[in-house]
Amino acid sequence: MTYRDAGVDLDAADRLVERIRPAVTSTWGRLVVGGFGGFAAGIKLPPGYADPVLMMTTDGVGTKAEVARRAGMIEGLGYDLVAMCVDDLAAVGARPLALTDYLAVGQLDPDRLEPLVRSIAAACSEAGVALLGGETAEHPGVMEPDEFDLAAAALGVVDAGEEVTGEGIGAGDAVIGVASPNLRSNGFSLVRTAVVDRLGLDAELPGTGRTVAEAVLAPSVIYAPAVLEALLRIPIAGLAHITGGGIAGNLVRVLPEGVMAAIDTATWTPPAVFDAVAEVGGISHDEMFRTFNMGIGFVTVTARRHAERVIASFGASGHEAWQIGEIELGPRSVRLV
């Protein structure tokens, strides 16, 4: 009996490695140390840091991967994966430097997986991140042949003392929301049960003009470059990446004791996909805001006098932003009104 008889195809793994080599190495710059296909690769710290602190984060795309698999639309998942990692780093003021991915599959099919890895590389290029490598693990008998799971870890750097912790947030500060046009990659266990299983993937999602698959699988926006650009020029006291748990569950993580954020949900209209998910799934207003970003993918907190500059900076980077609330004295919390 051979390893291939047991379901692991080493030759297919070698073919995939060679096919993804150009996409992966296209993300490498002069700071990368090592060669493609080695046991590890590294990255030098960029110049300009007096007392650099390395920051790390890890994340995945959750059950959005399962919806994408069923739809045969896995190419956009690279943007979801990279966004979830690098935007977490940006939320503490760290510049993302490098990323490694982990792909577990039931059966290794280079034709199917190459576009997925290429999308990871494309998203890394957009974020200014080197894709240093990764692991593709074949799990025959544990996962179905076309099943897969996707995760990554990312490394970033920030000068000691320059981390954005939220400690400086005070009453009267402005809360700025940055637009998200879609679901990104959160809440998909609910989407799958409440929408996909009811309508199917090829049906039109009401009010969107798109199929269910097209609407819910739209790739994530990557905010990190725009966040770091704003930080270079404008004092920002707090940053929150709005993922699972929605605005309230993520913004509260950066609030110090003694203040609360009052968010006026009438200051924006969520994209149509959110209304459609709520209508089809019979999901309450409160549950929608607790689960999804509802059209706000990133939040910044700044002194009121800097609010317009922050909004203009995000606009210059291609992201619509506006004031969605303010900081008040009170118990550490987020209040949606």
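Remember, predicted model here, so these are calculated numbers, not experimental data.
At a threshold of 4.0 Å, the pair Arg184-Asp87 counts as salt-bridged, since one of the basic side-chain nitrogens sits closer than that to a carboxylate oxygen. For the pair Arg304 and Glu326, the salt-bridge criterion is met [side-chain N within less than 4.0 Å of a carboxylate O]. Using a cutoff of 4.0 Å between basic side-chain nitrogens and carboxylate oxygens, Asp111 and Arg19 are scored as salt-bridged. Checked for salt-bridge contact, Asp159 and Arg95 miss the test: no charged N lies under 4.0 Å from a carboxylate O.
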ask   = Given the rule in the side-chain contact (heavy atoms from CB on, under 4.5 Å) test, do Leu231 and Leu239 qualify, once you have shown the distances and angles that lead to the verdict?
value = CA-CA 10 Å; Leu231 282 171; Leu239 296 164; 4.0 Å; yes
request  = Could you give me the CA-CA distance, side-chain angles and deciding distance for Asp197 and Arg192, then say whether side-chain contact (heavy atoms from CB on, under 4.5 Å) is met?
outcome  = CA-CA 6 Å; Asp197 290 349; Arg192 193 178 70 254; 4.3 Å; yes
task = Take Asp202 and Val212 through the side-chain contact (heavy atoms from CB on, under 4.5 Å) test and state the conclusion after the steps.
result = CA-CA 6 Å; Asp202 296 327; Val212 171; over 6 Å; no
message = Could you go through Ser180 and Asn182, starting from their C-alpha distance and side-chain angles, then the distance that decides it, and tell me whether this counts as side-chain contact (heavy atoms from CB on, under 4.5 Å)?
response = CA-CA 6 Å; Ser180 171; Asn182 54 48; 4.2 Å; yes
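Proximity of a side-chain donor or acceptor of Ser313 to a complementary backbone N or O of Glu229 within less than 3.5 Å is not detected. Looking at Thr63, its side chain never comes within 3.5 Å of a backbone N or O of Glu66 through a donor-acceptor pair. Remark: side-chain polar atoms of Glu163 are paired, donor with acceptor, to backbone N or O of Gly161 under 3.5 angstrom. The main-chain N or O of Val24 is never found under 3.5 Å from a side-chain atom of Ser26 such that the two would form a donor-acceptor pair. In this structure, the side chain of Asp275 does not engage the main chain of Ala272 through any donor-acceptor pair within 3.5 Å. Within the 3.5 Å criterion, the main-chain N or O of Asp264 finds a donor-acceptor partner in the side chain of Thr267. Asp173 contributes no side-chain N or O that, together with a main-chain N or O of Ile169, makes up a donor-acceptor pair within less than 3.5 Å.
In terms of heavy-atom proximity, Ala276 sits nearest to Leu205 at CB-CG, 3.5 Å. Shown here for Ala307 and Gln323, the closest heavy-atom pair between the two residues is CB-OE1, 4.4 Å. The two atoms that bring Ile236 and Val164 nearest to each other are O-CG1, 4.1 Å, heavy atoms only. Contact record, Ala98 with Leu132: CB-CD1, 3.6 Å, taken as the closest heavy-atom pair. Between Gly187 and Thr291, the shortest heavy-atom contact is CA-CG2, 3.7 Å. Considering all non-hydrogen atoms of both residues, Leu199 and Pro206 come closest at CD1-CD, 4.2 Å.
Remark: Glu204 CD is packed, more than 12 non-hydrogen atoms of other residues, nucleotides or ligands lying under 6.0 Å away. Residue-environment remark: CZ (Arg198) exceeds the threshold of 12 foreign heavy atoms within 6.0 Å. In this structure, Glu167 places its CD atom where only 12 or fewer heavy-atom neighbours from other residues, nucleotides or ligands lie under 6.0 Å away. A 6.0 Å sphere centred on CZ of Arg290 holds no more than 12 heavy atoms belonging to other residues, nucleotides or ligands.
Only one option out of Arg112, Arg69, Arg70 pairs with Asp146 in a salt bridge (Lys or Arg N to Asp or Glu O under 4.0 Å); it is Arg69.
Residues Thr100 and Leu155 fail the side-chain proximity criterion, which asks for heavy atoms closer than 4.5 Å. A heavy-atom distance below 4.5 Å is found between the side chains of Met84 and Ser185. Residues Val158 and Met55 are in side-chain contact: their nearest non-hydrogen atoms beyond the backbone lie under 4.5 Å apart. Lys64 is listed as a side-chain neighbour of Leu217, based on a closest heavy-atom distance under 4.5 Å. Ile120 is not listed as a side-chain neighbour of Leu103, based on a closest heavy-atom distance of 4.5 Å or more. Looking at heavy atoms from C-beta onward, Phe292 lies in side-chain contact with Val277 at the 4.5 angstrom threshold. Side-chain atoms of Arg335 and Met260, non-hydrogen and from C-beta on, do get closer than 4.5 Å to each other. Residues Val175 and Ile327 are in side-chain contact: their nearest non-hydrogen atoms beyond the backbone lie under 4.5 Å apart.
In this model, no donor atom of one side chain and acceptor atom of the other lie less than 3.5 Å apart for Ser125 and Thr27. For the residue pair His306/Arg233, the side-chain donor-acceptor check at 3.5 Å is not satisfied. The closest side-chain donor-acceptor pair between Asp80 and Ser220 falls under 3.5 angstrom.
The aromatic ring centres of His319 and Tyr223 sit less than 6.0 Å apart.
Hydrophobic clustering of Ile, Leu, Val, Met, Phe, Trp and Tyr side chains at less than 4.5 Å, counting indirect connections, keeps Val86 apart from Phe298.
In this structure, Trp268 and Trp322 have tilted ring planes: the angle between them lies in the 30° to 60° band.
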